[in-house]
Protein chains: 2
Amino acid sequence: MIHRSTVHEVLIAVFQVRAFSDPDSPELAVLLWQRALDPEAGTWSLPGGTLRDDENLATSARRQLAEKVDVRSVAHLEQLSIFSEPDRVPGDRRIASTFLGLVPISTEPTLPGDTTWHPVSALPPMSFDHGTVVAHARHRLVAKLSYTNIGFALAPVEFSISSLREIYGAALGYQVDATNLQRVLSRRGVIEPTGRRAPSGKAGGRPPALFRFADNSIRVTDEFAALRPPQA
Amino acid sequence: MIHRSTVHEVLIAVFQVRAFSDPDSPELAVLLWQRALDPEAGTWSLPGGTLRDDENLATSARRQLAEKVDVRSVAHLEQLSIFSEPDRVPGDRRIASTFLGLVPISTEPTLPGDTTWHPVSALPPMSFDHGTVVAHARHRLVAKLSYTNIGFALAPVEFSISSLREIYGAALGYQVDATNLQRVLSRRGVIEPTGRRAPSGKAGGRPPALFRFADNSIRVTDEFAALRPPQA
DNA sequence: TCAAAAGTGTTATGAGTACACCCATGA
DNA sequence: TCATGGGTGTACTCATAACACTTTTGA
């Protein structure tokens with residue numbers, strides 16, 4: 001058989017909730033850069049690159065991201081699965097370890113010219129299997145919003161419940177009730193009141209209380225959906 | 001820096017529920033082989049080996065397993081995380097992709113002389129970071145027993161509820177109520193009655209009805225613990 | 001005083017747990 | 001007829017969803 005060399009690469013799906021057309025209904029967006037050169041020139045790719053000898057995967061992911069976005073703005077990063085089909089890209093074999101990264105709303109990191117945010121509901125033509133990676137990452141995010149405090153990595157430091165509702169709605173892909181969101185997250189100790197209030201909006205209305213996330217790293221908050229250990 | 005070559009390896013934590021001391025309370029066991037040579041001669045390792053150029057990770061995992069156990073007995077195989085620390089093993093760098101494998105109870109595949117089942121509650125001295133892999137795999141199994149039908153890969157084709165209760169108890173690490181186990185799995189459509197009955201045991205007693213799993217591949221049965229989409 | 005937005009209260013539902021009680025069988 | 005399990009019925013708890021109602025503000 002033809003001798004092929006194998007390299008290990010890292011690919012990161014970085015998500016942020018952003019306003020596109022309507023500022024009142026923001027959408028989940030993913031960071032992509034457009035390939036200038038073949039193969040697949042013109043298609044859009046996830047940030048990433050080759051693993052170095054002296055770094056582990058998480059370190060590499062942060063280093064690769066630094067080329068596209070201010071890494072300090074990435075509030076959460078976690079491993080997804082590996083894409084290992086021998087022919088997933090042309091040329092040398094590339095085994096891809098994929099990651100999910102999250103950037104809080106309304107941070108605006110400066111981006112290179114080839115790089116922009118795209119709503120996940122309308123992705124441009126994607127390079128290789130990168131569209132599949134985005135789908136996996138979105139699925140993981142939706143699942144973890146239900147049973148962890150991962151929302152901390154999408155929300156600002158302080159927020160009203162209704163703005164948090166917009167963030168969850170955008171990330172999940174369906175509307176959630178603000179009342180119940182507050183109750184669920186409060187009971188689990190995921191969010192807590194700051195005691196401060198925001199000014200009321202342009203059209204008047206009662207000024208909202210401000211909340212914050214209790215932790216700024218991921219924590220499982222509802223481990224057993226069923227088959228819990230006995231209480232006694 | 002010193003030139004190092006990097007290889008990609010696969011490691012599989014294969015679990016089975018087995019009777020050790022007491023046949024009435026089986027335990028979760030993991031398949032290990034003992035290293036005859038250095039490094040770390042005498043310690044116990046997970047089955048696995050180097051990824052080939054022409055295979056993906058899942059294919060490689062099945063091929064590696066074939067050297068230790070009859071692969072047809074492995075009812076479920078899924079990817080866990082990657083261990084990528086540059087110095088996780090001495091010598092050339094080895095990036096390890098880890099897997100969880102499950103073998104149904106009371107199948108007895110023939111094993112090589114260096115290979116045996118060990119209860120996960122009392123692991124022998126483990127090679128490198130293989131103990132951590134076993135812990136991750138166990139954690140994944142426990143989680144998936146709650147929200148998927150993954151029990152199909154641990155149970156025999158037909159079973160009574162009380163024997164299924166023993167299997168779940170061993171895998172989870174805590175006792176479950178047979179009544180509620182039946183109700184939860186039946187409501188979710190995970191198990192179904194076969195219409196047949198088993199003979200009653202040595203000490204008499206009512207003969208149990210036999211059940212089977214409705215599917216023999218993994219399926220998520222309880223996706224949303226909270227924040228479900230609205231019904232309308 | 002009215003509209004708008006936030007926040008509270010209330011009810012309904014459904015999943016899961018715990019446990020008492022009844023059933024079927026062999027000795 | 002009794003011991004030994006298996007199986008059923010039922011009450012309780014609790015998290016969540018749905019939605020009406022009240023409160024607080026600006027115009």
Query raised in the report: Just by modelled atom types, is the B:Ile82 backbone N or O under 3.5 Å from a matching donor or acceptor in the B:Thr98 side chain?
Result: no
Report task. Would you check if there is a donor-acceptor pair between the side chains of B:Glu27 and B:Ser121 at a distance under 3.5 Å? Result -> yes
Query - Sugar-phosphate, base or nothing in reach of A:Ala178, heavy atoms under 4.0 Å - result: nothing
Query raised in the report: Could you state the CZ-P distance from A:Arg197 to D:dG26, rounded to the nearest angstrom?
Result: 11 Å
Requested in this report: List the steps and the verdict of side-chain hydrogen bond (donor to acceptor under 3.5 Å, both in side chains) for A:Asp129 and A:Thr132.
Outcome: CA-CA 5 Å; A:Asp129 50 8; A:Thr132 310; over 6 Å; no
Requested in this report: Report yes if the distance between the aromatic ring centroids of A:Phe128 and A:Phe83 is under 6.0 Å, otherwise no.
Outcome: no
Query raised in the report: Of A:Pro207 and A:Leu181, whose closest DNA chain D nucleotide lies nearer the 5' terminus?
Result: A:Leu181
**Report entry** A:Tyr174 OH to D:dT16 P, straight-line distance once rounded to whole Å
**Finding:** 12 Å
Identify each atom pair where a protein N or O and an N or O of nucleotides 19-23 of chain C are less than 3.5 Å apart, giving names and distance.
residue : atom : partner  : partner atom : Å
C:dC23  : O2   : B:Arg206 : NH1          : 3.2

**Report entry** Polar contact flag, side-chain donor to acceptor under 3.5 angstrom, A:Asp114-A:Gln34
**Finding:** no
Query - A:Ile191 CD1 to C:dG7 P, straight-line distance once rounded to whole Å - result: 10 Å
Query raised in the report: Is any side-chain nitrogen or oxygen of A:Arg187 closer than 4.0 Å to OP1 or OP2 of D:dT16?
Result: yes
Report summary line: Contacts satisfying side chain to side chain donor-acceptor pair (under 3.5 Å) that involve residues 69-78 of chain A (not counting sequence neighbours) are A:Asp70-A:Arg72, A:His76-A:Glu78, A:Glu78-A:Arg140, A:Glu78-A:Lys144
